[in-house]
Asker: 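What follows is a structure written as structure tokens; I'll ask about it next.
Ligands are counted one by one from 1 in listed order, and the atoms in each one are counted from 1 as well.
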Amino acid sequence: MAFKTIIVEIDDHVALIKLNRPEALNALNQALLDELARAITEADRNEKVRCIVLTGSEKAFAAGADIKEMAEKTFVDAFSSDFFGPQTEVIERCRKPIIAAVAGYALGGGCELAMMCDFIIAADTAKFGQPEINLGVIAGIGGTQRLTRLVGKSKSMEMHLTGRFMDAEEAERSGLVSRVVPAKKLMDEAMAAAQKITEKSMLATMSAKEAINRSYETTLSEGLLHERRLFHALFATEDQKEGMSAFLEKREAQFRDK
Ligand code: HXC
């Protein structure tokens with residue numbers, strides 16, 4: 001089925017998902033999040049896809065949840081539909097890597113969506129913020145939790161309590177983004193990173209993602225054990241034999257996800 005609020009292109013094992021509501025700076029409405037959840041589910045299931053890149057436009061990754069759509073919601077509406085819970089859980093459950101390529105505004109739900117991805121590459125034009133406080137609400141899809149883990153309590157508190165934006169340079173310095181690149185090069189850099197990931201063994205890639213994400217959910221000793229067992233398990237794969245033989249034979253490894 002075709003999408004109306006996003007554009008999906010699959011090329012060379014990378015699914016590029018572009019948020020596409022330019023009239024509203026890619027504000028996240030129900031239709032967009034439903035479509036995004038569907039696209040990510042399909043990409044996760046599609047054997048040809050080995051990495052996902054999520055992006056917006058030059059002006060905005062996403063300027064937050066759609067305020068027009070939210071304005072008249074009641075508590076009953078929000079609670080009964082678990083407002084954006086089901087869609088975001090789909091994104092969080094994706095086992096394949098998702099890179100956020102962020103230019104322009106990533107505000108409110110837009111910043112939260114970028115933080116749901118596995119890492120963020122930012123254009124030098126990127127601006128991050130959690131300005132929900134100006135609307136009489138707070139973040140609702142992970143901002144208070146993920147931003148705090150990424151940049152620490154003090155900065156997270158300041159951003160959520162004052163609504164101030166963080167520019168790309170500060171975002172990199174604070175650990176919110178993995179790196180900043182010139183806006184013109186954003187998509188080339190994000191696609192090159194994705195391409196690099198597609199060349200690895202998916203078994204190792206998914207194991208690394210799983211182990212890193214567990215670190216947010218568990219104690220250090222449990223996390224270390226989980227990592228060690230995954231590391232041990234990878235010795236049962238052909239890709240481990242191939243990767244190590246290729247190194248010793250001084251050639252490129254050809255992984256087969258087996
Ligand atoms: C709906 C939005 C929108 C949004 C922008 N637009 N953000 N529509 N929801 N979040 C629309 C504007 O109404 C306008 O439409 C068009 O996009 C262009 O926006 P402008 O404001 O004219 O652009 P500009 O002056 O450049 O200002 C850009 C901006 C500003 C600084 C990003 O638009 C802004 O402050 N937006 C809201 C940011 C925000 O508060 N986000 C948090 C939302 S709450 P028209 O039709 O007038 O041209 C949230 C909760 C998350 O995210 C939890 C979810 C469960």
Asker: Compare all side-chain heavy atoms of Thr5 with those of Leu19 and state whether any distance is below 4.5 angstrom.
Answerer: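 The answer is no; the side chains never approach within 4.5 Å.
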
Asker: Could you tell me whether the side chain of Asn26 and the main chain of Ala60 form a donor-acceptor pair under 3.5 Å?
Answerer: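 The answer is yes, because a donor-acceptor pair under 3.5 Å joins these two groups.
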
Asker: Please classify the Leu135 to ligand 1 contact at 4.0 Å (heavy-atom distances, strictly less than): side chain, backbone, both or neither.
Answerer: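 Side chain only; the backbone of Leu135 stays clear of ligand 1.
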
Asker: Can Thr237 and Gln240 be said to form a side chain to side chain donor-acceptor pair (under 3.5 Å), step by step?
Answerer: CA-CA 6 Å; Thr237 68; Gln240 173 267 331; 5.4 Å; no

Asker: Atom CD of residue position Glu47 - does it have more than 12 heavy atoms of other residues, nucleotides or ligands inside 6.0 Å?
Answerer: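 At most 12 heavy atoms, drawn from other residues, nucleotides or ligands, come within 6.0 Å of this atom.
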
Asker: Suppose we measure from atom 23 (O) of ligand 1 to each protein heavy atom; which comes out shortest, and what is that distance?
Answerer: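 Result for atom 23 (O) of ligand 1: Lys59 NZ, 3.8 Å.
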
Asker: Should you measure from each heavy atom of Glu23, which atoms of ligand 1 turn up under 4.0 Å away?
Answerer: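 In order of number, 15 (O), 16 (C), 17 (O).
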
Asker: Under a 4.0 angstrom heavy-atom cut-off, which atoms of ligand 1 come close to Glu132?
Answerer: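 Ligand 1 atoms under the 4.0 Å threshold to Glu132: 44 (S), 49 (C), 50 (C), 51 (C), 52 (O).
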
Asker: Atoms of ligand 1 less than 4.0 Å from Ile141 heavy atoms?
Answerer: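 That gives atoms 55 (C) of ligand 1.
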
Asker: With respect to atom 38 (C) of ligand 1, which of Gly109, Ala63, Gly64, Gly108 exhibits the smallest heavy-atom separation?
Answerer: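 Closest candidate by heavy-atom distance is Ala63.
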
Asker: For atom 33 (O) of ligand 1, which candidate among Leu25, Leu107, Asn26 provides the closest heavy atom?
Answerer: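 Looking at heavy atoms only, the winner is Leu25.
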
Asker: Is Asp44 paired with Arg93 through a side-chain N to carboxylate O contact shorter than 4.0 Å?
Answerer: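 Answer for the salt bridge query: no.
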
Asker: Answer yes when Glu210 and Arg214 have at least one side-chain N-carboxylate O distance shorter than 4.0 Å, and no when they do not.
Answerer: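 No, Glu210 and Arg214 are not salt-bridged.
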
Asker: Please tell me if atom 40 (O) of ligand 1 is touched by the protein, where touching means a protein heavy-atom distance below 4.0 Å.
Answerer: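 Under 4.0 Å from atom 40 (O) of ligand 1, at least one protein heavy atom found.
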
Asker: Which of these, Ala60, Ala24, Pro22, has its nearest heavy atom closest to atom 8 (N) of ligand 1?
Answerer: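 Heavy atom nearest to atom 8 (N) of ligand 1 belongs to Ala24.
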
Asker: Relative to ligand 1, is Ala65 under 4.0 angstrom through side chain, backbone, both or neither, heavy atoms considered?
Answerer: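 For Ala65, the contact with ligand 1 is made by both the backbone and the side chain.
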
Asker: Heavy atom under 4.0 Å from ligand 1: found in Pro131's side chain, backbone, both, or neither?
Answerer: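 Answer for Pro131: side chain.
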
